[in-house]
Number of protein chains: 2
Amino acid sequence: MIIKIDLASEIAIYIQLKNQIIEGIATGQLRPDEQLPSVRQLASDIGINMHTVNKGYGQLKSEGYTLIHKRKGVIINNLEDMKDPSYSEKLEINIKPLIAESICKGLTESDYLNLCKGIFKQLKKGEINKSELNPNR
Amino acid sequence: MIIKIDLASEIAIYIQLKNQIIEGIATGQLRPDEQLPSVRQLASDIGINMHTVNKGYGQLKSEGYTLIHKRKGVIINNLEDMKDPSYSEKLEINIKPLIAESICKGLTESDYLNLCKGIFKQLKKGEINKSELNPNR
DNA sequence: TTAGCTGTTATATACAACGTATAACAAGAA
DNA sequence: TTCTTGTTATACGTTGTATATAACAGCTAA
């Protein structure tokens, strides 16, 4: 998977990194048990500091997306273990300001929902091959 | 309208302020031509610095939500002038990471869309009386 | 005119977050 | 042993956030 960092973006580098890996998991480009590049390797590849990568990796781990495999290093966690029943509560807090803004900016509810559906469609493209037996660990 | 600031929140104060005013506009609690408290008054009311309020107000103005009326101070802009046809493009960039995260966290597309619908319902409650003739200016 | 309010700007300070840099550690692999 | 892994510590510079004091122009009302 190719990671693209925009140094001109207002979004912190470690957040951009984190978002792209999460998106990779959501689309199925990154599968459970798949290993991520080492912090030093990835930092070198995309031309940023090791600690910035480490910060992103650290958050991915603490939020359940990855875990440390003694042999492989950082690997993608099992999809079941990522799930969080209480997530929708945190999500609502993040979505609310976006919807309020959207209303003011002239978007209808249908406009907004269709935009979301489009993003789901886009992300689910890679999900066809996502069916998998639980890999050996 | 009551503004509530959470000093323990990780969200910057001027962003919290901005979000609540935008939400107020979306729900109809704040109507066009209605005046907002002065930067000094609001700062005093909620116990924060004048410049923090000014920063939030400044962004609201530059994003079209408010304008400066020589007599009244800061007032809510006309709803038509708030609209921005290109907004959905910026919106998509903000929504995408949330949807990717939601997929990983086990939410289905229906779960997500229903959550959005619920927020729309909640925000639109105050919209019944939002029908208005263009007020004098 | 004077006094008081408005938004706005300037300057300064303190703190936290971000990103970089160098270095070191324990643990496992070759 | 040598190399790589994640991890931690320390330090530095930059930027963003929030505060504080002060001043300005423009308008309102006494």
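FYI, side chains are in, hydrogens and waters are out, and symmetry mates aren't considered; it's all heavy atoms of this structure. Naming: A, B, ... by sequence-line order, numbering from 1 per chain.
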Legend entry - Those residues of residues 1-22 of chain B lying under 4.0 Å from DNA chain D by at least one heavy atom: B/Ala12, B/Ile13, B/Tyr14

Inset, instruction - Kindly say whether A/Pro97 contributes a backbone atom to a donor-acceptor pair with the side chain of B/Glu23 at under 3.5 angstrom? - result: no

Legend entry - Interatomic spacing from NZ in B/Lys61 to CD1 in B/Ile68 - rounded to 0.5 Å: 5.0 Å

Legend entry - Least distance between heavy atoms, B/Gln20 atom then B/Ile3 atom: OE1-CA, 3.5 Å

Inset, instruction - Can you tell me the distance, in whole Å, between the CD atom of B/Gln59 and the P atom of C/dG7? - result: 17 Å

Legend entry - Earlier contact from the 5' end, DNA chain D, for B/Arg40 and B/Asn49: B/Asn49

Inset, instruction - Determine, for A/Tyr57 and A/Lys18, whether the Lys NZ or Arg CZ falls below 6.0 Å from the six-membered ring centre while staying within 45 degrees of the axis. - result: no

Inset, instruction - Specify the separation, in whole Å, of atom NZ of B/Lys70 and atom C1' of C/dT8. - result: 10 Å

Inset, instruction - Look only at the side chain of A/Asp84 and the backbone of B/Lys105, and say whether a donor-acceptor pair between them is shorter than 3.5 Å. - result: no

Inset, instruction - Spell out, as yes or no, whether a donor-acceptor pair under 3.5 Å connects the side chain of A/Gln16 to the backbone of A/Asp6. - result: yes

Inset, instruction - Using a cut-off of strictly less than 4.0 Å, decide whether A/Lys55 has a side-chain nitrogen or oxygen near OP1 or OP2 of C/dC18. - result: yes

Legend entry - For chain A, the stretch of DNA chain D it reaches, first to last nucleotide, under 4.0 Å of its heavy atoms: D/dT5 to D/dA9

Legend entry - Sidechain-backbone polar pair: B/Asp111 side chain, B/Thr108 backbone, donor-acceptor under 3.5 Å: yes

Inset, instruction - Using heavy atoms to find the nearest nucleotide of DNA chain C for A/His51 and B/Leu36 separately, return the residue whose nucleotide is more 5′. - result: B/Leu36

Inset, instruction - May I ask you to say whether B/Lys117 pairs ionically with A/Glu109, meaning some side-chain N is under 4.0 Å from a carboxylate O? - result: no

